[in-house]
Undergrad: 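Handing you this structure, nothing more for now.
Only this structure's heavy atoms are used, side chains among them; waters, hydrogens and symmetry mates stay out. Numbers restart at 1 for each chain; the letters A, B, ... are given by sequence-line order, proteins then strands.
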Number of protein chains: 2
Amino acid sequence: MNTRLLRYFLAVADTGSLTGAARVLFVSQPALTKQIGRLEAQLGVALFTRSRTGMVLTEAGQALARRAPALVDACEQALRETKSAASRAARVLRVGFIASAANEATQQIIAAFTDAQPGWRVDMHQAPWSDPTAGLADGEVDVALLRLPFPGQESLRVEVLLTEPRWVALPATHPLADRDRVAFRELWDEPFVAAPAATGPWRDYWLAADEREGRPVRIGATTDQPDDWLQAIANGYGVALAPESAARFYARPGVAYRPVTGVSPSHIGVAWPPAGGGDPAVRRFVRCCLRARTAATTGETREAGTVDSDELTTGTDSERNHR
Amino acid sequence: MNTRLLRYFLAVADTGSLTGAARVLFVSQPALTKQIGRLEAQLGVALFTRSRTGMVLTEAGQALARRAPALVDACEQALRETKSAASRAARVLRVGFIASAANEATQQIIAAFTDAQPGWRVDMHQAPWSDPTAGLADGEVDVALLRLPFPGQESLRVEVLLTEPRWVALPATHPLADRDRVAFRELWDEPFVAAPAATGPWRDYWLAADEREGRPVRIGATTDQPDDWLQAIANGYGVALAPESAARFYARPGVAYRPVTGVSPSHIGVAWPPAGGGDPAVRRFVRCCLRARTAATTGETREAGTVDSDELTTGTDSERNHR
DNA sequence: GCGCAGACATAACCATCGGTTATAGAAGCA
DNA sequence: TGCTTCTATAACCGATGGTTATGTCTGCGC
């Protein structure tokens with residue numbers, strides 16, 4: 001028995017159609033036909049009754065459909081645990097992150113962790129936009145530095161570390177690129193460079209879909225990683241919201257970053273699986289993150305008065321913050 | 001993920017050796033080497049450390065070894081339930097049996113069941129010796145008529161239906177074939193026709209290994225089904241213990257059945273999975289079995305006085321019982 | 001020290017599996 | 001009738017899972 005077959009089966013059961021399930025699974029319809037046929041042959045049982053309108057579960061199929069999700073989950077959970085045990089045995093903490101991780105605090109967090117946990121190594125795994133949990137959801141990493149909110153956030157432990165305003169990234173030639181600040185409503189009709197559709201709420205968040213007062217979004221391009229994203233913007237395919245820190249971490253000729261008013265700020269958090277709380281290394285890493293937060297926050301609060309006007313003048317943030 | 005791989009992995013983990021596990025799994029050692037390698041590659045994790053002396057689990061391997069048995073079981077359980085749901089939906093009760101099932105009571109049981117459960121059909125599945133649970137253990141049947149004791153009996157519900165003495169089946173040319181009765185110790189040095197080694201305690205029971213006072217068993221042949229068994233005995237490869245009813249159900253030229261003293265009797269029982277108690281059809285079938293038991297027992301008790309001497313004269317039992 | 005035995009790894013080969021594209025059938029619908 | 005939309009089938013291809021034969025390393029007995 002094979003979990004792939006079970007996932008195929010569940011997809012067909014859910015969509016009620018081979019053709020539809022094939023689309024969801026990114027395989028061809030004949031492949032699904034064959035695999036479902038094989039599964040039925042293996043079991044010696046008809047799982048679906050075929051009709052022109054689609055595939056409908058038999059009673060046996062319903063029995064399997066009740067069991068299969070738990071099975072698939074249990075398998076994946078076991079594989080996660082195995083990988084996790086391997087990295088723990090090798091004294092490696094796997095940290096997933098998106099784009100610039102926790103910005104300037106990242107170095108500090110990692111340094112604090114390696115101090116606190118001698119003999120351990122940190123493996124940083126950068127994730128594409130298409131995985132907003134940076135591999136945490138599927139157990140590829142033990143802990144992650146993420147942009148909030150992200151899909152699946154409810155089933156993980158999360159602590160907010162940093163908050164920063166969302167700016168807009170524009171083609172340097174864009175008329176708004178000369179402005180000191182941009183009101184979000186001025187961007188409503190602009191084409192946007194978006195994350196892949198599969199990321200759902202995360203994509204919507206970076207399109208600020210909730211803050212458009214119902215105006216539809218124009219998608220100019222879809223990209224899955226920072227370099228593609230910068231390229232798309234520089235090419236003029238569209239604009240995009242980005243954390244203010246992108247101006248420092250992703251400065252690039254042809255791309256301008258400007259403050260935006262009228263959109264909520266972005267949060268960076270540290271996230272870890274509920275079960276990971278038992279792992280001393282994970283706990284220690286989280287503690288290092290929280291210590292960095294207090295440090296950064298007090299720092300930022302102190303700077304806030306002087307920065308606020310500064311930042312709005314644009315341009316030299318990166319020098320100031322890299323001092 | 002594939003349960004075959006998990007089973008392979010567990011076999012290697014248990015035996016601590018590829019070569020040994022390959023023997024157990026009836027595959028070649030290179031096949032196992034490749035599969036274990038594939039599993040490790042899929043996980044991106046070393047599960048074993050190789051050494052001259054064999055394979056020893058890494059910490060990751062230990063983590064997987066803890067999880068895997070439950071996974072494999074859960075998968076098999078799900079498949080069992082699916083098949084069971086299919087047969088229930090088709091109003092078919094799958095009944096496994098060994099050799100002559102419940103002897104003359106079988107017909108009566110089935111008739112009573114189909115009366116009590118109108119619209120239902122009974123599918124009888126004869127099993128080879130190599131599966132003393134007649135497919136019950138792996139969910140191929142819903143209920144089974146079995147010879148007791150059998151391996152795995154503890155995890156099933158069992159009710160004894162019939163008890164009959166064990167006789168011996170001999171080549172017709174065997175010196176003891178002329179005797180009215182045989183003492184078991186006279187058979188100690190005879191070669192025996194045995195069930196496959198994989199059946200363990202069941203095979204031992206039919207060799208009466210416990211009643212040899214430590215004398216080793218000589219195995220003349222191993223067979224897996226009634227016809228082979230009869231053939232082996234007729235060919236003179238050995239003798240074998242058999243239920244008295246075999247004289248009626250498996251009478252054959254060249255094979256003689258004689259009563260044996262000094263071995264415990266054989267029991268026939270009805271067995272069903274604990275979960276099957278919830279299935280009305282299974283419950284009904286069991287009830288029919290129990291009703292047949294009381295009928296048969298009273299009948300036998302009444303006949304006992306007249307039969308006892310009769311049976312010891314051998315030979316015509318089959319006529320008498322088929323009247 | 002030498003050869004042997006035992007255990008894992010590798011090579012070469014073959015059938016089946018899991019996928020593809022192209023196409024056939026059947027049934028609803030304008 | 002013809003179009004669309006399902007599922008099923010055919011023909012093909014690379015990867016998988018198995019085989020046998022062989023290599024390589026190591027420990028052991030002499």
Undergrad: Using heavy atoms and a sub-4.0 Å distance, could you list which residues of residues 16-41 of chain A are near DNA chain D? By number, please.
TA: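 Within this stretch, A:S17, A:L18, A:T19, A:Q29, A:P30, A:T33 sit under 4.0 Å of the strand.
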Undergrad: Once side chain to side chain donor-acceptor pair (under 3.5 Å) is applied, do any residues pair with B:N2, and if so which ones, sequence neighbours excluded?
TA: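 B:N2 satisfies side chain to side chain donor-acceptor pair (under 3.5 Å) with no residue once adjacent residues are dropped.
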Undergrad: Mind checking what makes side chain to side chain donor-acceptor pair (under 3.5 Å) contact with B:R203, not counting sequence neighbours?
TA: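 Checked B:R203 against side chain to side chain donor-acceptor pair (under 3.5 Å); zero matches.
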Undergrad: My understanding is that only residues two or more places apart in sequence, or in another chain, count here; which of them pass side chain to side chain donor-acceptor pair (under 3.5 Å) with B:S28?
TA: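 Per chain and number, B:S28 pairs via side chain to side chain donor-acceptor pair (under 3.5 Å) with no residue.
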Undergrad: Taking only distance into account, with no hydrogens and no angle test, what donor-acceptor pairs under 3.5 Å do side-chain atoms of residues 7-16 of chain A form with protein atoms, sequence neighbours excluded?
TA:
residue: A:T15; atom: OG1; partner: A:A11; partner atom: O; Å: 3.0
residue: A:T15; atom: OG1; partner: A:S17; partner atom: N; Å: 3.3
residue: A:T15; atom: OG1; partner: A:S17; partner atom: O; Å: 2.9
residue: A:T15; atom: OG1; partner: A:A21; partner atom: N; Å: 3.4

Undergrad: Taking side chain to side chain contact (heavy atoms under 4.5 Å, CB included) as the definition, give me every residue that meets it alongside A:P201, ordered by chain and number, with sequence neighbours left out.
TA: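 For A:P201, the residues satisfying side chain to side chain contact (heavy atoms under 4.5 Å, CB included) (neighbours in sequence not counted) are A:P151.
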Undergrad: Could you list all N or O pairs between the protein and nucleotides 23-28 of chain D that sit under 3.5 Å apart?
TA:
residue: D:dT26; atom: O4'; partner: B:R52; partner atom: NE; Å: 3.3

Undergrad: Output all residues satisfying side chain to side chain donor-acceptor pair (under 3.5 Å) with B:Q35, sequence neighbours left out; order by chain, then residue number.
TA: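 So B:Q35 forms no side chain to side chain donor-acceptor pair (under 3.5 Å) with any residue.
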Undergrad: Using atom types as modelled, flag every donor-acceptor pair under 3.5 Å from a side chain in residues 66-73 of chain B to any protein atom, sequence neighbours excluded.
TA:
residue: B:R67; atom: NE; partner: A:E81; partner atom: OE1; Å: 2.9
residue: B:R67; atom: NE; partner: A:E81; partner atom: OE2; Å: 3.3
residue: B:R67; atom: NH2; partner: A:E81; partner atom: OE2; Å: 2.7

Undergrad: Where does the chain A footprint on DNA chain C start and end, counting 5' to 3' with a 4.0 Å heavy-atom cut-off?
TA: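 Listed 5' to 3', the contact boundaries are C:dC17 to C:dG28.
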Undergrad: Quick one: list whatever passes salt bridge (charged side-chain N to carboxylate O under 4.0 Å, His left out) with B:E190, sequence neighbours left out.
TA: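 B:E190 satisfies salt bridge (charged side-chain N to carboxylate O under 4.0 Å, His left out) with no residue once adjacent residues are dropped.
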Undergrad: Would B:R212 and B:F192 count as a cation-pi pair here, with the cationic atom under 6.0 angstrom from the ring centre and within 45° of the axis?
TA: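 Flagged: B:R212 positioned over aromatic ring of B:F192.
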Undergrad: Test of understanding: with side chain to side chain contact (heavy atoms under 4.5 Å, CB included), list the residues that count as partners of B:R23, not counting sequence neighbours.
TA: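 B:R23: side chain to side chain contact (heavy atoms under 4.5 Å, CB included) contacts with B:T19.
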Undergrad: Can you check the A:F48 CZ to D:dT7 P distance for me, whole Å?
TA: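 Rounding to the nearest Å, CZ of A:F48 and P of D:dT7 are 10 Å apart.
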